[in-house]
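Predicted, not measured: the structure shown is a model, and the values here were computed from it.
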Amino acid sequence: MSSTETASDIEAPGEKVDGLSLLRRIWERRSTAPRHLVAAGPSEDEIRMIVRAASRAPDHMRLKPFRFLVIPADARESLADVFEAAECELDPGIAGEKLERAREKALHAPTLLAVISRVQERDEVPEIEQRASAGAALGYLLLAADLLGYGAMAVSGGKVATTAMRRAFHLADNEALLCFVGVGTPGKSKRALPEPDPALLQAWSRE
Ligand SMILES: Cc1cc2nc3c(=O)[nH]c(=O)nc-3n(C[C@H](O)[C@H](O)[C@H](O)COP(=O)(O)O)c2cc1C
């Protein structure tokens with residue numbers, strides 16, 4: 001995608017959706033666990049489209065309080081070493097099958113992205129807003145993957161905050177690894193969830 005292209009120039013694969021169809025897709029979206037994601041994953045152009053959608057998250061003062069990394073296919077074994085080191089940091093006694101499962105998590109899903117949240121000191125934009133913006137970016141990213149016909153899921157675990165992981169991802173002091181997102185073709189799909197509890201939306205009253 002060139003930098004001069006506008007949204008309307010882009011011919012996305014798959015169904016062209018009107019507003020209501022788009023809403024239905026959002027209502028029905030479910031996550032697919034990375035171990036159930038099979039090839040093919042998104043192409044490089046599709047990954048750019050997904051990240052472009054994420055970049056449109058609400059962002060007070062355009063601080064861009066998030067960034068993304070794609071884990072190249074030939075770096076997955078190296079990531080597995082980092083996952084292993086992170087789990088050992090959390091549980092120095094870990095061994096055998098548990099360690100093998102920790103490594104496997106780096107190898108699941110055809111495409112693996114990392115979502116990094118970043119907070120800058122700004123009086124006008126408190127930390128909660130910047131964290132919310134990163135969360136919204138994650139949401140848009142998941143929706144964009146879904147709209148392109150892929151399954152995806154955000155996964156984290158205690159390992160994302162370990163020193164091993166922070167070092168391997170070269171995180172600055174004001175950054176945190178929010179989660180990984182596995183993207184691929186769903187080998188298994190889940191049923192849509194029922195409508196939300198009506199109590200989700202209530203009228204405000206000062207009384
Ligand atoms: C930042 C973040 C990290 C998450 N990490 C995990 C995780 O490590 N393991 C897990 O089972 N679900 C995790 N989840 C939840 C799943 O991604 C997913 O939202 C949840 O299973 C609900 O599934 P649904 O999207 O189909 O409703 C995480 C969600 C977020 C927003």
Shortest non-hydrogen contact from [X] to [Y]?
X: Leu37; Y: Pro110; result: O-CD, 3.7 Å
X: Ala86; Y: Lys159; result: CB-CB, 3.7 Å
X: Phe68; Y: Ala137; result: CZ-CB, 4.0 Å
X: Ala80; Y: Leu107; result: CB-CD2, 4.4 Å
X: Pro65; Y: Ala134; result: O-CB, 3.7 Å
X: Ser31; Y: Arg29; result: OG-NH1, 3.3 Å

Does any non-hydrogen side-chain atom of [Y] lie less than 4.5 Å from one of [X]?
X: Arg166; Y: Leu177; answer: no
X: Phe169; Y: Leu79; answer: yes
X: Pro34; Y: Val155; answer: yes
X: Ser78; Y: Ile71; answer: no
X: Glu97; Y: Arg101; answer: yes
X: Val183; Y: Ile47; answer: no
X: Phe180; Y: Val160; answer: yes

request  = Indicate yes or no for a side-chain donor-acceptor contact from Thr185 to the backbone of Ala40 under 3.5 Å, with no hydrogens or angles considered.
outcome  =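 It does hold such a pair.
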query = Looking only at atom types and distance, does a side-chain atom of Asp197 sit under 3.5 Å from a main-chain N or O of Leu200, one as donor and one as acceptor?
reply =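 Checking the backbone N and O of Leu200 against the side chain of Asp197, no donor-acceptor pair under 3.5 Å is found.
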task = Check His36, Arg30, Arg35 against Thr32 for a side chain to side chain contact (heavy atoms under 4.5 Å, CB included) and give me the one that passes.
result =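 For Thr32, the side chain to side chain contact (heavy atoms under 4.5 Å, CB included) check succeeds only for His36.
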To the closest 0.5 Å, what do you measure between [atom1] ([X]) and [atom2] ([Y])?
X: Leu63; Y: Gln130; atom1: CG; atom2: CD; value: 5.0 Å
X: Leu142; Y: Cys179; atom1: CG; atom2: SG; value: 7.5 Å
X: Leu138; Y: Leu143; atom1: CG; atom2: CG; value: 9.5 Å
X: Arg118; Y: Ser133; atom1: CZ; atom2: OG; value: 10.5 Å
X: Arg76; Y: Phe83; atom1: CZ; atom2: CZ; value: 8.5 Å

Mark yes when over 12 heavy atoms from residues, nucleotides or ligands other than [X] sit less than 6.0 Å from its [atom1]; otherwise mark no.
X: Lys105; atom1: NZ; answer: no
X: Arg67; atom1: CZ; answer: yes
X: Glu124; atom1: CD; answer: yes
X: Lys190; atom1: NZ; answer: yes
X: Asp173; atom1: CG; answer: no
X: Leu193; atom1: CG; answer: yes

Quick one: do [X] and [Y] end up in the same hydrophobic cluster if we chain Ile, Leu, Val, Met, Phe, Trp and Tyr together by side-chain heavy atoms under 4.5 Å apart?
X: Leu141; Y: Met153; result: no
X: Leu113; Y: Tyr150; result: yes
X: Leu69; Y: Met165; result: yes
X: Val70; Y: Val82; result: no

task = Apply side chain to side chain contact (heavy atoms under 4.5 Å, CB included) to the pair Glu100 and Glu104, showing each step before the final yes or no.
result = CA-CA 6 Å; Glu100 207 37 56; Glu104 279 168 9; 4.3 Å; yes
query = So, Arg131 and Ser117: side-chain donor and acceptor under 3.5 Å apart, yes or no?
reply =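 On atom types as modelled, these side chains qualify, holding a pair under 3.5 Å.
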query = Are a donor atom and an acceptor atom from the side chains of Arg191 and Ser189 found within less than 3.5 Å of each other?
reply =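 No, because no side-chain N or O of Arg191 sits under 3.5 Å from a partner of the opposite role on Ser189.
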message = Are Tyr140 and Phe66 an aromatic pair, judged by ring center distance below 6.0 Å?
response =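 Judged by ring-centre distance (under 6.0 Å), Phe66 and Tyr140 do not meet the cut-off.
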request  = Answer yes or no: is there an ion pair linking Asp59 with Arg62, defined by an N-O contact shorter than 4.0 Å?
outcome  =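 Answer for the salt bridge query: no.
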task = Give a yes or no on whether a salt bridge exists between Arg24 and Glu28, defined as a side-chain N under 4.0 angstrom from a carboxylate O.
result =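 So Arg24 does not pair with Glu28 through a salt bridge.
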key: Residue pairs involving residues 77-91 (criterion salt bridge (charged side-chain N to carboxylate O under 4.0 Å, His left out); sequence neighbours excluded)   =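 Listed once each, the pairs are Glu77-Arg103, Asp81-Arg103, Glu84-Arg103.
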